[in-house]
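Note that the structure is a prediction, hence the values are computed from the model and not measured. Read the numbers this way: they start at 1 and go in the same order the structure lists the ligands and their atoms.
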Amino acid sequence: MTAPCHHKITIYQIYPRSFYDSNNDGIGDLKGILQKLDYLHELGFETLWISPFFSSPQADFGYDISNYTDIAPEYGKMEDALQLIEEIHKRGMKIVFDMVMNHTSDQHAWFKESRSSRDNPKADWYLWRDPLPSLLRRGAGGEVPNNWKSMTGGSGWHYAEERDQYYWSSFLPMKPDLNYRNPEVKKAMLNIVRFWLGKGVDGFRLDIFNVIYKDAEFRDNPFAFQLAPTETNPSGFFQEAKYTLNQSESFTFAKELRAVCDEFGEKMLLGEISGDRETTRKFLGEETNDGLTHAFDFDMLTFKFTAEYFGDLIKKIEANYPDPFMPIYVFGNHDRRRSINRIGEDQQKAKLIHTLQMTVRGVPCIYYGEEIGMTNLKQSFAAALDPIPHKFKFIPPIFFDMIGLTINRDEVRTPMQWDGTRNAGFSFAEKTWLPVHENYREINVAAESEDENSLLNTICALAKIRQTEKSLQEGTLEILEGLPSGVLGYARKLGNEKIVILLNFEEKEKQFEFENAECILKLSPKDQTKNKAIYLGGFGGMILK
Ligand code: BGC
């Protein structure tokens, strides 16, 4: 059986505000993406996931949508979105929109109406509850309905005077959660999905998909001895998210959504799901892949740079995502710290993790700028545009660094570094929406294109190899035993085709005997094959065929 097309993809995430500014207002836009399509095409990633660019007050930079079928003016017009779909398809590429289904902006017409009274036609479109007569849970307008905490800390209940009631919000107060137990809400949202599929979109990345349903009875969450949420355990703030996450109806909804997409052909549904691997997998289906097509594996964002760590990681992922399931390997996104900062901003080490990402059995997803090794830009909480740090500005940032949480997401959203000219070639504006990282003179697309050993050229070469080698797209994976310590090796096989990947996670050079094969990519100039001997430079690696 051949693998479905969507399992062979490579994904590039564009954060539109920071990608390329075509009209010099300091903010990236859709025409900017259009102008850079040839770059992306040459880079060799064929599926572009674009973070939200729909109408929005931008209180959470587009993840607060006020109209799902219209474009925010700073990003362009509907005709630009349609042209983008067309131009991407012309190049044989695919486009994935970001679908924020769990909540709308509080400025969405649905919420404004819902909030206006207890008996309007949309009164039940969001999660409204009466204040509770308890002395303990005092909120702004009385007593909050239960003990639920939001994903960003503190009660997620917010008072609205108009109704003398609280509404629930999983993330931030200006993003009220929709009530999916109301069939009209589900119908309206699925119609939006159909609207964009009808315009030719190839699928959706699904924002916080596993919070979509909450407990029907609004039962209190139990106590848990856990301060902050982690990649594998989304509970936190001393509470187990038992009634606010992963409700059985959310798994069923994944299948319903898939069925709607199937009406339009083979489409992708990429789930942002927090939690342990088994739960994440359940969103894809039990026996067959009839739920979401993919889910991101976020556990690897906290990797240790060792052969053992990655060997174990691959084994765990393989066990959890056997065929026909396929994980997404991801090292960064608009919410998490860029991974290169975990490895001392070392581009040679970055070549290793991306070689792994592009050659294991899984879909690779890279975040804009990762291909050139863009780094995080430390910025103060007080000056942050991101709303989250303002919730935590009384806690010293060093505390979050110690527990590995990214609070100020501005740090990972700085403008793309295209070249060494002003504003890194991102914009001619006086001021860009976020500052450009000062390292742009060295770390930029133009400079790295010239250097054949650059991270950029390595990633480009990897993408080309993945495009031509079927065994990398759909072959099996077998970890190789008996290699020197510090070296991770695995084979990808499909019929008679075989590709071997060897990665040296240590600074020390390695030499060992290995079967005769042609080397099709070297990560370090010191890497060599001679007869049956393999030499790997420090943090070197190779792909053999
Ligand atoms: C998005 C964030 C967003 C949040 C809530 C996350 O998945 O990636 O940027 O703020 O969901 O919508």
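Scanning the protein heavy atoms around atom 5 (C) of ligand 1, the nearest turns out to be Lys175 NZ, 3.0 Å. Protein heavy atom nearest atom 11 (O) of ligand 1, with residue, atom name and distance: Asp207 OD1, 2.8 Å. Shortest contact from atom 7 (O) of ligand 1 to any protein heavy atom: Glu272 OE1, 2.3 Å.
If you number the atoms of ligand 1 from 1 as listed, the ones under 4.0 Å from a heavy atom of His334 come out as 1 (C), 2 (C), 8 (O), 9 (O). The ligand atoms of ligand 1 that sit less than 4.0 angstrom from a heavy atom of Asp60 are 3 (C), 10 (O). With ligand atoms numbered from 1 in the order given, ligand 1 contributes 1 (C), 2 (C), 6 (C), 7 (O), 8 (O), 9 (O) to contacts under 4.0 Å with heavy atoms of Asp335.
One distance of note links CG of Asp70 with CZ of Phe54; it measures 10.5 Å at 0.5 Å rounding.
The closest approach between Met151 and ligand 1 stays at or above 4.0 Å for every heavy atom of the residue.
The two residues His437 and Thr375 have their closest heavy-atom pair at NE2-OG1, 3.1 Å.
A side-chain donor-acceptor contact under 3.5 Å links Asp64 and Ser56.
Aromatic ring centres of Trp168 and Tyr213 lie farther apart than the 6.0 Å criterion allows.
Between Phe303 and Tyr309, the angle of the ring planes lies from 30° to 60°, which puts this pair in the tilted group.
Screening Asp335, Asn376, Leu385 for a side chain to side chain contact (heavy atoms under 4.5 Å, CB included) involving Arg413 leaves a single residue, Asp335.
Contacts between Arg205 and ligand 1 below 4.0 angstrom, taking non-hydrogen atoms only, involve the side chain exclusively.
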